[in-house]
2 protein chains.
Amino acid sequence: MALTIGEMGKATNTKIETIRYYEKIGLLPKPARTSSNYRDYGQAELGRLSFIRRSRDLGFSLDKVRALLGVSDEKSCNCAGIDRIASQHLLEVDRKIADLRALRRELKAVIDSCDGGTVAECRIIEALGPVAST
Amino acid sequence: MALTIGEMGKATNTKIETIRYYEKIGLLPKPARTSSNYRDYGQAELGRLSFIRRSRDLGFSLDKVRALLGVSDEKSCNCAGIDRIASQHLLEVDRKIADLRALRRELKAVIDSCDGGTVAECRIIEALGPVAST
DNA sequence: TATGAGGCCTGTAGCAACTACAGGGTCAAG
DNA sequence: CTTGACCCTGTAGTTGCTACAGGCCTCATA
């Protein structure tokens with residue numbers, strides 16, 4: 001039941017320093033301490049940290065994670081708040097995917113414009129810099 | 001022909017501070033100065049800055065941009081180096097797109113699991129934190 | 001000629017979200 | 001009783017900028 005910070009880290013794939021950082025910025029509560037001043041975590045903290053890490057993996061900023069936690073901390077709150085944050089994030093993800101796809105096309109064009117010869121014959125540099133005129 | 005830092009910025013959609021920052025970290029050379037100590041740029045610098053910005057837009061890190069510039073600075077070098085960097089970057093972009101798509105699926109699942117009721121009935125929190133047992 | 005708005009200068013400090021020390025205390029095994 | 005792995009605090013570094021503060025310079029207009 002009692003967990004050290006290292007065990008928390010292993011369980012959630014989080015560096016120790018990151019956990020302390022989350023505590024410092026108030027995402028994680030200050031935990032109990034053992035007699036030797038070690039942090040002493042329970043399941044609740046583990047759950048909270050899992051939630052944070054999972055949200056981070058999904059690309060939520062720490063600020064959004066804080067908002068999500070805030071919403072979920074008020075027990076009686078309806079989950080429309082969470083839904084709103086997540087839906088908005090979905091839009092951002094879609095936009096990011098579209099951007100990356102456009103970028104991919106351009107990158108491919110850049111690579112294809114290189115025939116393996118020397119820079120003098122290669123168009124990559126010009127393809128990236130709209131300089132041309134001197 | 002002569003450009004102020006502000007004109008450079010406008011031409012490449014770059015903030016003045018960013019240009020000075022590129023100079024500080026050695027991506028841009030220290031330019032000539034006017035009698036009143038203003039930076040005095042020419043077409044070569046404009047081209048270089050364009051290249052940097054374009055590469056950044058394509059998601060290359062400043063370190064990779066530096067590598068690209070290094071390769072292109074050696075006139076006789078074949079462009080295989082550039083091609084290698086760009087191809088590797090393309091792989092990263094593809095990976096990122098795949099990740100985002102997986103994320104999108106998960107986000108969608110999270111959103112769908114919310115029926116607009118209260119948190120008590122909503123599965124979003126549990127969906128994100130693998131805690132369950134207490 | 002003066003004056004006001006805008007541009008430029010240097011230098012430092014701040015942002016996110018960590019990560020990496022330095023310099024120490026603690027604990028369990030052999 | 002010592003060794004090595006863990007933990008503690010606190011500070012400074014990372015990337016790629018961005019935002020001041022405090023001060024010149026320049027140009028158009030009154």
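Here is the naming used below: chain letters follow the sequence lines, and residue numbers restart at 1 for every chain. No hydrogens, no waters, no symmetry mates; every other heavy atom, side chains included, goes into these values.
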Any [X] side-chain nitrogen or oxygen under 4.0 Å from OP1 or OP2 of [N]:
| X | N | value |
| --- | --- | --- |
| A:T4 | D:dC6 | no |
| B:S36 | C:dC8 | no |
| B:R33 | C:dT10 | yes |
| B:R39 | C:dC8 | no |
| B:Y22 | D:dG16 | no |

- prompt: Roughly how far, to the nearest 0.5 Å, is CZ of B:F51 from CG of B:L69?
  reply: 5.0 Å
- request: Working to the nearest 0.5 Å, report the span between NZ of A:K10 and OG1 of A:T4.
  value: 7.5 Å
Whole angstrom value for the distance that separates [atom2] of [N] from [atom1] of [X]:
| X | N | atom1 | atom2 | answer |
| --- | --- | --- | --- | --- |
| A:I16 | D:dC7 | CD1 | P | 4 Å |
| B:I5 | C:dC8 | CD1 | P | 7 Å |
| A:Y41 | D:dC8 | OH | C1' | 12 Å |
| B:K15 | C:dC9 | NZ | C1' | 19 Å |
| A:I19 | D:dC7 | CD1 | C1' | 12 Å |
| B:K24 | D:dT15 | NZ | P | 13 Å |
| B:R20 | C:dG7 | CZ | P | 13 Å |
| B:L62 | D:dC17 | CG | P | 5 Å |

task: Could you check which of C:dT19, C:dC8, D:dC17 has an atom nearest any side-chain atom of B:Y38?
output: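 So the nucleotide nearest the side chain must be C:dC8.
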- prompt: For A:K10 and A:E17, take the nucleotide of DNA chain D holding the closest heavy atom to each; which residue's nucleotide lies nearer the 5' end?
  reply: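 The residue mapped nearer the 5' terminus is A:K10.
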Which donor-acceptor pairs under 3.5 Å do the side chains of residues 15-31 of chain B make with protein atoms, sequence neighbours left out?
residue	atom	partner	partner atom	Å
B:Y22	OH	B:R53	NH1	2.9
B:E23	OE1	B:R39	NE	2.8

- prompt: With sugar-phosphate meaning primed atoms plus P, OP1 and OP2, does B:I25 contact a base, only sugar-phosphate, or nothing at under 4.0 Å between heavy atoms?
  reply: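 Nothing, no heavy atom under 4.0 Å.
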- request: For B:R56, report the nucleic acid contact type (base, sugar-phosphate, nothing); a contact means any heavy atom under 4.0 Å.
  value: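 The residue B:R56 makes sugar-phosphate contact but no base contact.
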query: Can you name the closest pair of heavy atoms from A:S50 and A:T12 and give their distance?
result: OG-CG2, 3.7 Å
message: Please determine whether residues A:L46 and A:Y38 belong to a single hydrophobic cluster, defined as Ile, Leu, Val, Met, Phe, Trp and Tyr linked transitively by side-chain heavy-atom distances below 4.5 Å.
response: no
